[in-house]
Amino acid sequence: MHDIKYIRDNFENFKKKISKRNNTTKIDNILDLDKKNRKLIQDKENLEKEKKNISKSKDEKMFLKSKEISSSIKKLSDEQIKIKTELENLLSSIPNIPHNDVPDGSNEKDNKIIETKGNLQKKNFKEKSHFELGEKLGMLDFDLASKTTGSRFVFVKDKLAMLERALSNFMLDIHTLENGYREISPPLIASESTMYGTGQLPKFENDQFEIKLEINDGRKFLIPTAEVILTNMVKNQILKQSDLPIRLVASTPCFRKEAGSYGKDTKGMIRQHQFYKVELVSIVEPENCSEELERMTNCATMILDKLKLPYRKIILCSGDMGFSAEKTYDIEVWLPSEQKYREISSCSSCGTFQSRRMNSKYKNSKNENVFTGTLNGSGLAIGRTLISIIENYQTEDGSINIPDALRPYMNNIDKILPISS
RNA sequence: GGAGAGAUGGCUGAGCGGUUGAAAGCACCGGUCUUGAAAACCGGCAAAGGGGCAACUCUUUCCUGGGUUCGAAUCCCAGUCUCUCCGCCA
C-alpha cells in the first residue's frame, strides 16, 4: 500500500518510478479521486459539527433540523466511502516503488550479476539431471505422484527424503544458532486479510490455493510461502522500539498454483505445486532495511558456502521484482545438467509497503508511531537445494555424495546408493 | 455438535442515554530528590483522518454492520472473534 500523502506531493516522481515496474494498473486518476475524497470529507465534517452543536444545545426547536442534517450526512458519507474504496482499491494494486539501488530494466535480462562464488568443477563424464538420477535411484517418483495427485507433485523416498529432512534441520540450526533468528512453526493456512497484508491479494489470487473450512467462515488460503504468515505476526500492532529487530525463521511447505507457467519446467521438481522452504523474515526500523537486506542475503548464501555449492548473487531490475519488493537479491545455484544458474533464494526488502497494508507500527525514539520495515528471504528453498546437491554431488555411477556439512544430519553416511545395491 | 461468558487506549480494567475521548492502575517519556540507581513525589502520555507555513483546530473511533434517539461506549437487532464447561478427536 502506498502513502497517499507522498503520492500527492510527488506525483510526477511517483509516476516515473512506477512506470519502471511491471505495472498494469492505471494510476492517472489517483489525484482526482484523492481530491474528491477530501472534498467530501470536509463537507461531511461541517455538517457533523452543526449536528453536534444542536444536540449539545438541547434546543428542542432545532431537533427537526438535526434530523435533516443526519440524512444529508448519510448521503455524503455513502458517496465518500465509495470514492475512498475506489481510491484504496487502486492504491492497493500498484507495486512498490523501486529503491534507488535498483537498476532500470524490463525483464530478467536486465538483472545485474553482483558476485559469483564456488568452483564449477568439470566432471569427466556427462552430468545427468536430478530427475534422471532420482528416478534411477528409485527415490524420486513423479509417476506415482501423478497417479495419486496430479502433475507438478512428487514422491521423495528413502535417503532422498531423509536428505530433504536433513536440509531443513541443517538450515534451521544455522539460522537459529548462528544467525540469531527465532524459530517458528506457524499455521500453514492464512486468512484473507493476512494474504492482503503481504500483497498476495487482491492482485494475485490466481496463484493461491483457496480452501474451505466452514461455510460461514472467512476465506482461507494455503500459504504460498512462510513469509505471509511470519510477516503478519506483527499485523495490527504497535511494537516497542526495543522489540526490533525481530528475526524469524520457519521451515514450511509452500503451495502455489503456478498459473501462467504452463509448459515451464514441466520435468523434474524445479517447479512444483508443493515444496518445502526455509524462510527468513525480519521486522526492522525502516531506516535499517538496506542494512538488514545485506545481512539476510549473507545468511542465505552462508548455507550454500557451507554446502560448497556454486552460486551467484544478482540484483533484480525494476521490471523483474515481485509486487511488494523495493529491492531484491536473487541467489542462483549452479545446475550442471542445465549448464545454468537457477534461482534458489530471493531476498527482498519491502520497506514500509507491507506494514502499511498490515498496519504494523512501532514507537520510534521520538515517541511517534511509525510503520515498520519488513524483509523476507529464502534461506533456502529446500526442494531446489535438494536438486542442486543431487546434480552437483553426482558420481559417474549415479550415486550421490553427501556434502560434509550434512553428514551429521544423515546418520553420518557419506553416499546415497541405488536402493537395489 | 450442546451450554454459558465476554470484546473499552501499549496492557489490566471502571463506566451502562447528555462537558466520557473515556476513571484507576501498570508500562512508557520528562522533571525533583540521590554520588549513581531504586523508591518516593510532580508533570506528560490513544489512534485515524481533514484544514493550516505554523502555534493550532475540526471530525471520527469504546469488536464490526444496521436500528432507536435531538443525542449512544451505554438501549435494540444481526454478524465476527475470544474464553470456559460438556461431547467428539489428532
Side-chain angles (χ1 to χ4, degrees), chain A residues 1-10 30-92 185-197 201 211-222 229 232-246 252-253 283 285 352-372:
Chain A
M1 177 62 84
H2 290 283
D3 181 1
I4 183 67
K5 281 183 188 154
Y6 173 84
I7 296 177
R8 200 183 290 156
D9 298 338
N10 305 277
I30 291 179
L31 291 185
D32 186 43
L33 285 170
D34 177 46
K35 217 168 166 182
K36 274 188 194 154
N37 182 43
R38 284 189 293 159
K39 173 78 169 69
L40 286 164
I41 288 172
Q42 282 172 38
D43 294 349
K44 186 183 73 169
E45 287 186 352
N46 286 336
L47 288 179
E48 277 167 345
K49 191 174 176 188
E50 201 178 328
K51 181 181 163 186
K52 205 171 182 176
N53 286 334
I54 292 173
S55 111
K56 249 186 196 161
S57 74
K58 300 183 198 171
D59 180 354
E60 291 184 38
K61 288 187 293 258
M62 298 297 283
F63 284 177
L64 205 68
K65 172 82 177 159
S66 176
K67 275 200 128 161
E68 281 170 27
I69 293 174
S70 290
S71 74
S72 307
I73 290 176
K74 178 92 173 87
K75 243 164 62 194
L76 279 173
S77 169
D78 287 350
E79 178 67 9
Q80 189 258 327
I81 285 166
K82 210 184 100 196
I83 298 285
K84 188 182 151 210
T85 307
E86 199 178 329
L87 180 60
E88 273 175 359
N89 288 345
L90 196 112
L91 287 178
S92 66
S185 175
L188 305 179
I189 293 171
S191 69
E192 186 173 15
S193 77
T194 293
M195 295 288 277
Y196 174 83
L201 294 181
I211 58 164
K212 237 188 172 122
L213 285 187
E214 284 173 56
I215 296 163
N216 287 326
D217 208 7
R219 301 178 73 191
K220 310 279 183 202
F221 300 84
L222 294 175
I229 203 93
N232 274 281
M233 284 168 71
V234 297
K235 172 167 78 168
N236 284 327
Q237 246 190 297
I238 301 176
L239 300 159
K240 289 188 216 150
Q241 191 176 28
S242 58
D243 293 333
L244 304 178
I246 296 173
T252 69
I283 314 292
E285 299 188 57
T352 58
F353 188 84
Q354 291 179 323
S355 61
R356 285 177 195 285
R357 293 176 153 248
M358 296 189 295
N359 188 27
S360 155
K361 298 189 170 183
Y362 77 104
K363 249 183 215 310
N364 69 10
S365 44
K366 292 183 210 149
N367 228 25
E368 303 161 325
N369 296 336
V370 295
F371 289 110
T372 55

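The sequence lines fix the lettering, A, B, ..., with proteins before strands; numbering per chain opens at 1.
Rounded to the nearest Å, the gap between the P atom of B:C11 and that of B:A23 is 16 Å.
Atom P of nucleotide B:A46 and atom CG of A:Leu239 are separated by 19 Å, given to the nearest angstrom. Atom CD1 of A:Ile238 and atom C1' of B:A27 are 14 Å apart (whole Å). Computed from coordinates, the A:Leu64 CG to B:G71 P distance equals 11 Å when rounded to whole Å. We find that OH of A:Tyr362 is positioned 16 Å from P of B:C29, with the value rounded to whole Å. Atoms CG (A:Leu76) and C1' (B:G50) sit 14 Å apart, rounded to a whole Å. The nearest whole Å value for the distance from the CD atom in A:Gln237 to the C1' atom in B:A47 is 15 Å. In this structure, the CD atom of A:Gln80 is 17 Å from the P atom of B:A48, given to the nearest Å.
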Practice item. Any chance you could lay out the side-chain contact (heavy atoms from CB on, under 4.5 Å) test for A:Thr352 and A:Val370, step after step, and finish with the verdict? Key: CA-CA 9 Å; A:Thr352 58; A:Val370 295; over 6 Å; no
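Annotation for A:Lys84: atom NZ does not count as buried by contact number, only 12 or fewer foreign heavy atoms lying within 6.0 Å.
Each of A:Ser66 and A:Arg8 was assigned the nucleotide of RNA chain B with the nearest heavy atom; the assignment lying further toward the 5' end belongs to A:Arg8.
Residues from residues 33-41 of chain A placing a heavy atom under 4.0 Å of any atom in RNA chain B, listed by number, are A:Arg38, A:Ile41.
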Check your understanding: Can you give one letter per nucleotide of nucleotides 55-61 of chain B, 5' to 3': B if a protein heavy atom sits under 4.0 Å from the base, S if only from the sugar-phosphate, - if neither?
Key -> ---BBS-
Distances under 3.5 Å between nitrogen or oxygen atoms of protein and nucleotides 16-20 of chain B:
{"unit_1": "B:G18", "atom_1": "N2", "unit_2": "A:Ser55", "atom_2": "O", "d": "3.1"}

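For the atom pair CD of A:Gln80 and OG1 of A:Thr85, the computed distance is 8.5 Å after rounding to the nearest 0.5 Å. Of the inter-residue distances, the one linking A:Phe221 atom CZ with A:Ile211 atom CD1 reads 9.5 Å to the nearest 0.5 angstrom. Between atom NZ of residue A:Lys39 and atom CG of residue A:Leu76 there is a gap of 8.5 Å, rounded to the nearest 0.5 Å. Taking CE from A:Met62 and CD1 from A:Ile69, the interatomic distance works out to 7.0 Å, rounded to the nearest 0.5 Å.
OP1 or OP2 of B:A47 lies within a sub-4.0 Å distance of a side-chain N or O belonging to A:Asn369. Applying the 4.0 Å criterion to OP1 and OP2 of B:A48, one finds that A:Arg356 has every side-chain N and O outside that range.
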Review point. Given pairs defined as Watson-Crick or G-U wobble with both distances under 3.5 Å, what dot-bracket annotation applies to RNA chain B, with ( ) intrastrand, [ ] crossing, | other strand and . unpaired?
Key: ((((((((.[[[..)..(.....]]].(((((.......))))).((((((....)))))).[[[[[..)....]]]]])))))))....
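A:Leu47 places none of its side-chain heavy atoms less than 4.5 Å from the side chain of A:Lys51. With a 4.5 Å cut-off on side-chain heavy atoms, A:Asn37 and A:Ile4 do not count as touching.
Ion pairing between a basic and an acidic side chain is recognised when a charged N comes within 4.0 Å of a carboxylate O; A:Asp32 and A:Lys36 show such pairing. Salt-bridge formation is detected for the pair A:Asp78/A:Lys74: a Lys NZ or Arg NE/NH1/NH2 atom is positioned less than 4.0 Å from an Asp or Glu carboxylate oxygen.
Legend: residues meeting ring pair (Phe, Tyr, Trp, His ring centres under 6.0 Å) with A:Phe353, ordered by chain and number and at least two apart, are A:His2, A:Phe323. Residues satisfying the side-chain hydrogen bond (donor to acceptor under 3.5 Å, both in side chains) test with A:Asn364, not counting sequence neighbours, are A:Glu368.
At distances below 3.5 Å, at least one donor-acceptor pair connects side-chain atoms of A:Arg357 with backbone N or O atoms of A:Tyr196. Of the possible polar contacts, none joining the A:Asn89 side chain to the A:Glu86 backbone as a donor-acceptor pair under 3.5 Å is found.
When heavy atoms are screened at a 4.0 angstrom cut-off, A:Lys67 is found touching the sugar-phosphate backbone but no base atom. Residue A:Lys84 is classed as having no contact, given no heavy-atom separation below 4.0 Å to the nucleic acid.
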